[in-house]
Amino acid sequence: MDVEADIKKYGFPQWFKSKEHEFDSCKFGMWLFLVQELMLFGGLFVAFAMYNYLYPETFREAHHHLDKNLGALNTVFLLISSLTMVLGVAYTMRNQMGKAMLNLFLTFLLAGAFMVVKYFEYSHKIHEGLLPGALYSFAANPSTPENPQSLFFSLYFMMTGLHGIHVVGGMVCLLWIMYRIKIGKTTAERFGAVEFVGLYWHLVDLIWIFLFPIFYLVV
Amino acid sequence: MSDKHDNHHIVPLSYYYFTLGGLLVLTAITVGVSYFNFGSMAANLAVAMAIASAKASLVLFFFMGLRWDSALNRGTMVATIAFLAVFFFFVGADLGYREEWESGTKYAEVKSAAAAASMAEIKEWERPSPDLVAKGKELYLGAGGCATCHGNAGKGDGIAGGALNPKPRNFEDNSSAWTNGTSVQSIYVTLTSGIKGTGMAGYQAMLSPKDRLALTHFIRTIIPDPQGNGKVDAQYASILKDKDSIGEEGGASSQSKGIPIDLAIDQMLKEKKK
């Protein structure tokens, strides 16, 4: 069962009926992974909704520590990165590898910019003592059972942190894809890898589309 | 544009540019709209989520290609959204129907209040104090309170009591023996468990122990020469032993709401059946 030999000889691994069968199966597999990710974040969103409902004043106070403009900037970074990502896939399909690599690299840069903004946001909060649970030490507004400020920040760090880890994971995948294109493994004939990394990347964007308003905007 | 077997549908790039345009416009709208208050947090949240869902749809349909993809992949996404909706719905329904506390009430507060009252406190409340009597008067005369049947002055001439048989107790009348007696314990037992075969219901679920003792002391100010020792010491002791009745915050509502209308109607209908 030599994948490389099969691809050279037949164009696709022989345990699939056809190239279309291979592509459809892999794409479906990726979609299943993506919806699993949605359920993962979904659970966290339900937790946020629940505690927001139970402690509206606490959440209202706490959310003022978040900078709306930085949140909006990060949103714009990810949205543009979604465009450059899909262009990367589109140009690969059209066999325009130079443009493809450029767009994938731009996606990588925009993801990096997102993480840089995140770094500034997190370091500010760490500096102020606005931390999860027992680590919370912001003296001007202590966290009490009646006003559990630390609860908001537990949710903030857990949800945006998990999302941030997914962004970094995506950056690694982007490097991998660019490498594959460079060595000729991903081509206009076999572009599944870049398409599926693209799907993953859009999901990361999708999750942020919901994270942004609930933490930064809604009062 | 693409035949059924061609998975590699070449999408014109203009779709992608327009999608980004739409996404950026919606982002500007959601930020702009966040400066307005639509009345409640729920309303503000609904607006924000509606805009976010519109953005998500653009990403799903155009960037992720569901517009041109197979029904299987589309169906997978729809099913997932449905499961998330179920998740939110049931958690929301649970939270919404919890009567023990209103939204915004702190769980820790309620819990510690329930743990605070002890036997010692209840012994305290057995002794009449001006505060307790005043509280009892407030409950007696309050909306849906005892005065509806027993009258504002406790003469048994309240409006709702007109249809009851036997009539509501006239607290000024000591001529006929009271079913349970007139001691503190007697009246507390009556308030807790009611009197069988009459329109007097038990209010254990509606009033906390402290509230019932407050009412007891107020009512005893109306009774001429109330007895100190009643027939019901054993019942009183067993009620207090009942764990459910211990604690400041008792029963289904954290604030006593007086006699519910439907309970009074129930009693009146029961009487009519006789």
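None of these values were measured; they are calculated from a predicted model. All values below were derived from every heavy atom in this structure, side-chain atoms included, with hydrogens, water molecules and symmetry-related copies excluded. Within every chain, numbering begins at 1; the chains are lettered A, B, ... in the order of the sequence lines, protein sequences first and strands thereafter.
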Please test N52(A) against M41(B) for side-chain contact (heavy atoms from CB on, under 4.5 Å), starting from the C-alpha separation and ending with a verdict. CA-CA 10 Å; N52(A) 197 356; M41(B) 189 190 263; 3.4 Å; yes

Got a second to check how far [X]'s [atom1] is from [Y]'s [atom2], nearest 0.5 Å?
X	Y	atom1	atom2	answer
L95(B)	Y51(A)	CG	OH	9.5 Å
L23(B)	I80(A)	CG	CD1	10.5 Å
L72(B)	F28(A)	CG	CZ	4.0 Å
L38(A)	T76(B)	CG	OG1	11.5 Å
R74(B)	W31(A)	CZ	CH2	10.5 Å
L79(A)	T19(B)	CG	OG1	11.0 Å

Decide side-chain contact (heavy atoms from CB on, under 4.5 Å) for F45(A) and F87(B); before the verdict, give the C-alpha distance in whole Å, the side-chain angles of both, and the deciding distance to 0.1 Å. CA-CA 10 Å; F45(A) 275 98; F87(B) 199 171; over 6 Å; no

Segment of [X] engaging chain A (4.5 angstrom heavy-atom cut-off):
X	answer
L66(B)	side chain
V33(B)	neither
D94(B)	neither

Look at [options] and state which one has the largest set of heavy-atom pairs under 4.5 Å with chain A.
options	value
A42(B), S53(B), S70(B), A48(B)	S53(B)
L45(B), N73(B), T30(B)	N73(B)
L26(B), D69(B), I81(B)	D69(B)

Report yes or no: is the cationic atom of K68(A) (NZ for Lys, CZ for Arg) closer than 6.0 Å to the six-membered ring centre of Y35(B), at no more than 45° off its axis?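 Relative to the ring axis of Y35(B), which defines the angle, K68(A) lies inside both limits.
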
To check you understand the geometry: which heavy-atom pair defines the closest contact between A56(B) and F210(A), and what is its length?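 What the structure gives for the nearest pair is CB-CE1, 3.7 Å.
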
Nearest heavy-atom neighbours spanning M64(B) and L203(A):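 Closest approach of M64(B) to L203(A): CE-N, 4.1 Å.
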
Heavy-atom neighbours of [X] [atom1] exceed 12 at 6.0 Å:
X	atom1	result
F16(A)	CZ	yes
F38(B)	CZ	yes
F138(A)	CZ	yes
E189(A)	CD	no

For a 4.5 angstrom cut-off between non-hydrogen side-chain atoms, does L13(B) reach R94(A)?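 They are in contact (side-chain heavy atoms under 4.5 Å apart), so the answer is yes.
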
In the structure I gave you, are the side-chain heavy atoms of V31(B) and F212(A) within less than 4.5 Å of one another anywhere?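 Yes. Closest side-chain heavy atoms under 4.5 Å.
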
Within residues 83-92 of chain A, which residues come under 4.5 Å of chain B, heavy atom to heavy atom?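 So far as heavy atoms go, L83(A), V86(A), L87(A), A90(A), Y91(A) are the residues that approach chain B to under 4.5 Å.
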
Less than 4.5 Å to any heavy atom of chain B: does that hold for the side chain of T75(A), its backbone, both, or neither?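 Side chain only.
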
Could you tell me which portion of Y216(A) (side chain, backbone, both or neither) has an atom closer than 4.5 angstrom to a non-hydrogen atom of chain B?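 Contact with chain B: none, neither part.
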
With a 4.5 Å cut-off on heavy-atom pairs, point out which of M50(A), H202(A), E195(A), M30(A) contacts chain B the most.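 Answer, by heavy-atom pair count under 4.5 Å with chain B: H202(A).
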
